[in-house]
Amino acid sequence: MREEYIRPWEKNIRSVVPYVPGEQPREKDVIKLNTNENPFPPAPGVEKVLKNMDTDSLRLYPDPTIGLLVEEIAKFYQVEKEQVFVGVGSDDVLAMAYLTFFNSDKPILFPDITYSFYPVWCDLYRIPYETPALDEEFRLVKEDYYKDNGGIIIANPNAPTSIYESISTIEDIVAHNTNSVVIIDEAYIDFAGESALSLIDKYDNLLVVQTFSKSRSMAGMRIGFAMGNKKLIKALNDVKYSFNSYTLNQAAILAGVEAIKDKQYFKEGINKLIEIRKEAEKSLKELGFDFPASGANFLFVTHKTIPAKKLYEVLKENNIYVRYFDLPRISNYLRVTIGSKEQMDKLFEFLNQYINNK
Ligand code: PMP
């Protein structure tokens, strides 16, 4: 066999195994419960501002400081403007945070089962990492983080397990690691409990990252943000301006401002979603599923007799998309996003019929 000729420039290509996002089927009649999107529309002000947008303003570059949105986020969370960094979804914020803070020769730490983007950024930036195992119940073992490291990232609530760890567990890890930056990825925190935000003035090594994609129903707009002490935020901005000054587009800035201003719509939406989650838990139990208590807009379920992969496949054949990860320890689980009441009714109509006729 002839060996394939590799051109010199090919040897210099950065080779990475990319993160694989959930499928985005475009057909209209699909029940899409696979990427943790919110089933409700964004706040009414978002539609208004986009419809009335002055498109002539698009001739100009957007404000590189994203000032209007930074100010509203600071107001909402009662922090200073200099404590807020905004990016193109929390994936962008996290990618910038890795580049900014994880520059040690020591490995960074994150759990073995967590957001599958974390190791991808490590490979991209060539950051060494270790993945301490979650315990049998998928709970964080805080003592595993009592060792020398180049940084820590923890999703709380965790994905895909949905488990929320108490703020005292998080504080314990931050307090044991004052020599490195600890990032708490709170993409799902609004469906859970207390945020680590209350700790940012006490610990200058703590960065809290959140998103508009889940609790504010704006995954399509791509808005994420980080909060921490002013030094961390300045460092993040310095890296951002060295990479791409104009990150958020004009429409996203205006829409983001409207979304965060509407506190009542935000609260009501979360309560509605938690109500549907409670009903789903009851139905799943009745059908023989098991799952940890969820602090997120999804449930991490396993069935006592039917293999997860099989269920994933039959659901998909019936136009119901959930997420399946063929990974060690979790290959018999499905991650099911909480959809609208109508979507969940259809899911359970199918499951009832499928499981009870087996
Ligand atoms: N962190 C976690 C734990 C997630 O599950 C997600 C969603 N895929 C993100 C961050 C990124 O979300 P976004 O970029 O939409 O803000």
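The figures here come from the full heavy-atom set of this structure, side chains too, leaving out hydrogens, waters and symmetry mates. Counting starts at 1 for both ligands and their atoms, in listed order. All residue numbers refer to positions in the sequence shown, counting from 1.
Looking at Ser90 against ligand 1, both its backbone and its side chain come within 4.0 Å, counting heavy atoms. Both the backbone and the side chain of Asp91 come within contact range of ligand 1, each with a heavy atom under 4.0 Å.
The hydrophobic clustering, which links ILVMFWY residues whose side-chain heavy atoms are closer than 4.5 Å, places Val209 and Ile260 apart. Side-chain heavy atoms closer than 4.5 Å link hydrophobic residues (I, L, V, M, F, W, Y) into clusters, and following such links, even through other members, never connects Val79 to Leu236. Placement of Tyr125 and Val88 in two distinct hydrophobic clusters is found when ILVMFWY residues are connected by side-chain heavy-atom separations under 4.5 Å, directly or transitively.
Set against the non-hydrogen atoms of Thr211, the atoms of ligand 1 under 4.0 Å away are 13 (P), 16 (O). Atoms of ligand 1 lying under 4.0 Å from at least one heavy atom of Arg222, given by number and element, are 13 (P), 14 (O), 15 (O). Close contacts of ligand 1 with Gly89, meaning ligand atoms under 4.0 Å from a residue heavy atom, involve 14 (O), 16 (O). Distances below 4.0 Å separate heavy atoms of Ala187 from the following atoms of ligand 1: 1 (N), 2 (C).
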Next item on the list: Kindly determine whether Phe76 and Phe266 satisfy ring pair (Phe, Tyr, Trp, His ring centres under 6.0 Å), including the steps that lead there.
Entry: CA-CA 12 Å; Phe76 185 92; Phe266 172 64; 5.7 Å; yes
Next item on the list: Could you please spell out the steps behind the side chain to side chain donor-acceptor pair (under 3.5 Å) verdict for Gln210 and Tyr77?
Entry: CA-CA 12 Å; Gln210 295 191 10; Tyr77 289 102; 3.2 Å; yes
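The protein non-hydrogen atom at the shortest distance from atom 1 (N) of ligand 1 is Asp185 OD2, 2.6 Å. Scanning the protein for heavy atoms near atom 7 (C) of ligand 1, the closest one is Lys214 NZ, 3.4 Å. In terms of protein heavy atoms, atom 15 (O) of ligand 1 is closest to Ser213 OG, 2.6 Å. Scanning all protein heavy atoms for the shortest distance to atom 8 (N) of ligand 1 gives Tyr115 OH, 3.2 Å.
Atom CD1 of Ile108 sits about 5.5 Å away from atom CD1 of Ile127, to the nearest 0.5 Å. Interatomic distance, CZ of Phe191 versus CD1 of Ile270, reported as 6.0 Å (0.5 Å rounding).
Looking at Tyr188 next to ligand 1, an N or O pair under 3.5 Å apart turns up.
Of the residues Tyr98, Phe102, Tyr19, the one that meets the ring-ring contact (aromatic ring centres under 6.0 Å, His included) test with Trp121 is Tyr98.
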